[in-house]
Every structure is written in C-alpha cells, then in structure tokens.
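So the structure is just underneath, and the comments pick up after that.
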Amino acid sequence: MKDLFEVKQVDIECYQKNIRDFLPPKIVDIHTHVYVNNDAVSDRSLDSRLVSWTTKVANQNPVEDLFETYRLMFPDKVVIPLMFAHPRYAEDINTVNQYILDGSQEGKAYGLLLSKPEWTPTRFEDALLSGDYKGAKFYLNFSPAYIPRKEIRIYDFLPPAHLEVLNKHGRIAMLHIPRDGRLKDPVNLAQMMEIEERYPKVKLIIAHVGRAYSREDVGDAFEVLASTKNMLFDFSANTNEWVFEQLLKAVGPKRILFGSDLPITRMRMRRITEKGIYVNIVPKGLYGNVSDDPHMREVEGFEGEKLTFFLYEEILAFKKAAVAAKLTKEEVEDVFYNNGMNLLSAIGK
C-alpha cells in the first residue's frame, strides 16, 4: 500500500535527531481538521475571507488519513486528536458534524461542533449535546456577509448567546480571532478579556497564539493577557519561537496546548517573516502556481530539497522556546499531553 505522502531522509533525520526525544510518548493534538470529498462541497462564497495557500496541501483529510499522518510523522508516539470540520467544506454542516461525531472514540479521538452564529441558543445547545462534542469551533467566515472582512469582531461569529450555552455546560470554545491586527488588535483583546471575565466556565482556546506569526502581530498583547487565569492558547500552524517565549512568560506552560492544524502542516516548508508578513518557503512546483500569493515563495535545488514538514518546524520552534524558558521535561509533557488530556477528560463528567 502506497503511503499517504512521502517521508524523506531529511524528515527522518529531523525527527530522530531533534524531535523524537523532546516529545512525550503520548500526545494530544488539540487542533486538527477532518473532512471527506463526499461531504465536502467547497463553499466558494467564503474564499474572500480565507487565505488560499492552505488549500494546496490536501483536498480531503478523512479520519483514516489523519491517523496515517500521525503514523508517518510520529512513528513511535500515540497521538489523540481533537477534531473538527473546516468551514470551506461545510456547505452541509449537519453532515460534516456527524462525520466528526462518528470518528470520535473515548480515549482515542474527540470532536468539536462546527457552528454558525445565526443558530438560536436552543439549536446550538441541542446540537452541542446531541453527541459527545467537547465544545465548538467558531469561524469568522460565518460572520454576516454584509460585514467587511477587516471589520469583523469576535462577537460577530461567536455570539454571547452561544457563550452562555458553553458556560452553562463548561465546554470548549476554539477561537480563530479575526482582524488584520491579529493578537495585538485592541478590539480582539477587549473581547477576549470580556469572555474571560463574563464566562468563567468556558474553556476558551485562542488558536495559533492569536495568529501572532510575527513580532509585529504582538504589540502589548502579552502584558494584557498575563492577567488572565483561564484562557488557553494553542500554537498550531505557528513557527515563531519568540512569540512562544513571550507566551510562556505571560501565562506559563499549564495553559498552553499543542495543536497541529493538520492537514495543512503536512506542507513541506519553512516560514520567514518580512516587514511583519509571514512567508512560507516551499519547493518549486510542489504546490502548483503560487506566484499570486504573498504568503508563498518557491525555492529550488538544494534549498528546496532540505525543507521538511511544517509540523516539524512548528515543534522545533516550540522546542527552542522551551529551552530558552528552561522548561522541565514534565512541563513539556504538560504542553504536549497532560494539559490537553486533563481538559478533554474533565468535560462532560
């Protein structure tokens, strides 16, 4: 049987020399997408609110492919995912949510509900409790169409009425924050802090460290967020070690969660930043024509051949931050396993 994707010698060496012994035997992946072609009818009306490069890696990622990815990338680890659908492939939201539920299995895989802000609180609560969803994933792409992308606020797609439901049941809100200012945006920070204060039983996870992919995305955010007590952060699809260091200083290792953002992070790349803009360096021709995408740049020859997986780059960046912060082996295990497992195990009990 042909492997799902190629694992090259450069990947094997990277994993064996730099990653394998850093990671604990068991890992919780708190942020991963699954979807299949049969149910995944692309909603092109969302395209203007989504970056395009993320679609170039995999046009589907069924549960079986997710676990095959773990086998290939982490051959000697046990990985337990928290899965949810992708908004681009959610025209039939009931079907994709049922697929998440069908793939969930206590102790082996868990799921989040994909929801829409126009749902009534009753519909949202009924959907949330219809299966063992650990919470819900909220997307700025589902904000009302009349709101310009740059003006979208958190409450436009994560309404207070839904937060009330999550607070009542103590469930997760997985939040990909909006706005060009990313983590430093004052509106984002104000609403994040408001959620922290008004809904203390919500398990609020700020995905991608608030999309702070460069130093310029941070501002005074970590000074503000240092006062939080409950807010959690995943560092999925982020490779900025300096951002990770500041996060560790602000909130400590107990509120940080590993997430992969698979299948996107199967991409073969490394990331740089230029004037506050992140750029993914990828092998020439591997992902089609990327000439019109400001977040993509091709290289060839030896430079292209030495590129490994995005997910490995993410882990290596966190490892550098962990070393700088002098994290113990136990604290690293907290980030990659204990924090996530304790969170998932407690919900619904």
Validation row: Asn230, Glu196 side chains within 4.5 angstrom (heavy atoms): yes

Closest non-hydrogen atom pair between Ala237 and Thr265, with its separation: CA-CG2, 4.2 Å

Test log, rule side chain to side chain contact (heavy atoms under 4.5 Å, CB included), inputs Phe5 and Leu72: CA-CA 8 Å; Phe5 54 87; Leu72 292 169; 3.9 Å; yes

Shared hydrophobic cluster, Val28 / Ile347 (ILVMFWY, side-chain heavy atoms < 4.5 Å): yes

Student check: side-chain heavy atoms of Arg297 and Val282 closer than 4.5 Å: no

Glu125 vs His162 side-chain heavy atoms within contact, under 4.5 Å: no

Residue pair Arg270 / Thr239, side-chain donor-acceptor N/O under 3.5 Å: no

Side chain proximity check, Phe222 to Lys184, heavy atoms < 4.5 angstrom: no

Heavy atoms of other groups near Lys77 NZ, more than 12 under 6.0 Å: yes

Backbone of Gly276 reached by a side-chain donor or acceptor of Ser214 within 3.5 Å: yes

ILVMFWY network linking Trp53 to Val290, side-chain heavy atoms under 4.5 angstrom: yes

Side-chain donor or acceptor of Asn339 paired with backbone N/O of Asp334 under 3.5 Å: yes

Between CG on residue Leu101 and CG on residue Asn94, distance to nearest 0.5 Å: 12.0 Å

Side-chain heavy-atom pair Lys320, Glu245 within 4.5 angstrom cut-off: no

Backbone of Ala173 reached by a side-chain donor or acceptor of Lys137 within 3.5 Å: no

Quiz item: cation-pi between Arg171 and Tyr133, 6.0 Å / 45°: no

Transitive ILVMFWY side-chain link Val187 to Leu158, under 4.5 Å: no

Euclidean distance, Asp220 CG relative to Leu189 CG, rounded to 0.5 Å: 6.5 Å

Residues Arg71 and Asp3 bridged, charged N to O under 4.0 Å: yes

Leu257/Val335 under side chain to side chain contact (heavy atoms under 4.5 Å, CB included): CA gap, chis, key distance, verdict: CA-CA 5 Å; Leu257 303 159; Val335 170; over 6 Å; no

Co-membership, hydrophobic cluster, residues Met267 and Val299, 4.5 Å side-chain: no

Nearest non-hydrogen partners of Ile177 and Leu140, listed with the distance: O-CD2, 4.0 Å

Residue pair Arg266, Leu311: steps toward the side chain to side chain contact (heavy atoms under 4.5 Å, CB included) verdict: CA-CA 7 Å; Arg266 278 165 37 188; Leu311 185 50; over 6 Å; no

Phe124/Leu166 under side chain to side chain contact (heavy atoms under 4.5 Å, CB included): CA gap, chis, key distance, verdict: CA-CA 10 Å; Phe124 176 65; Leu166 294 170; 3.9 Å; yes

Face-on cation placement of Lys56 at Tyr287 ring, 6.0 Å and 45° thresholds: no

Donor-acceptor pair, side chain of Asp156 and main chain of Ile152, under 3.5 angstrom: no

Glu300 with Lys284: basic N within carboxylate O range, under 4.0 Å: no

Leu112 and Ile100, any side-chain heavy atoms less than 4.5 Å apart: no

Identified ring-ring contact (aromatic ring centres under 6.0 Å, His included) partner of Phe318 from the options Phe258, Trp242, Phe336, Tyr312: Phe336

Between CZ on residue Arg123 and OG on residue Ser130, distance to nearest 0.5 Å: 11.0 Å

Donor-acceptor contact present, side-chain Asn240 to main-chain Val243, <3.5 Å: yes

Nearest heavy atoms of Tyr146 and Pro148, plus distance in Å: O-CD, 3.3 Å

Single hit among Asp65, Val78, Asp29 for side-chain contact (heavy atoms from CB on, under 4.5 Å) with Tyr70: Asp29

Geometric class of the Phe74/Tyr15 ring pair [parallel <30°, tilted 30-60°, perpendicular >60°]: perpendicular

is_close_aromatic(Tyr139, Phe157), centroid dist under 6.0 Å: no

Minimum heavy-atom distance Leu128-Val165, with the two atoms named: CD2-CG1, 4.1 Å

Expected output: side-chain Asn97 to main-chain Leu114 donor-acceptor under 3.5 Å: yes

More than 12 heavy atoms of other groups within 6.0 Å of Arg198 CZ: no

Test item: Asn188 side-chain N/O and Pro178 main-chain N/O as donor-acceptor pair under 3.5 Å: yes

Candidate pair Phe244 and Phe235, rule ring-ring contact (aromatic ring centres under 6.0 Å, His included), full reasoning: CA-CA 8 Å; Phe244 297 164; Phe235 55 93; 5.2 Å; yes

Validation row: Leu82, Ile172 side chains within 4.5 angstrom (heavy atoms): yes

Donor on one side chain, acceptor on other, Glu194 and Tyr155, under 3.5 Å: yes

The single option from Asp11, Asn280, Thr308 passing side chain to side chain donor-acceptor pair (under 3.5 Å) against Arg268: Asp11

Value rounded to 0.5 Å, distance of CZ in Arg20 from CZ in Phe22: 15.0 Å

Geometric class of the Tyr213/His208 ring pair [parallel <30°, tilted 30-60°, perpendicular >60°]: tilted

Aromatic centroids of His33 and Phe84 separated by under 6.0 Å: yes

Close side-chain approach of Met193 to Val224, heavy-atom, < 4.5 Å: yes

Distance in Å, Glu331 CD paired with Leu248 CG, rounded so as to fall on 0.5 Å steps: 9.0 Å

Straight-line distance of Tyr110 OH to Met83 CE, nearest 0.5 Å: 11.0 Å

Heavy-atom closest contact (Ile30 atom, Gly340 atom, distance): CD1-CA, 4.4 Å

N/O donor-acceptor pair under 3.5 Å between Asp261 side chain and His31 backbone: no

Shared hydrophobic cluster, Leu163 / Leu232 (ILVMFWY, side-chain heavy atoms < 4.5 Å): yes

Pair His295 and Tyr278, ring centroids less than 6.0 Å apart: yes

Pair Lys134 + Asp132: basic N to acidic O under 4.0 Å: yes

Nearest heavy atoms of Thr228 and Met231, plus distance in Å: CG2-CE, 3.9 Å

N/O donor-acceptor pair under 3.5 Å between Asn167 side chain and Lys201 backbone: yes

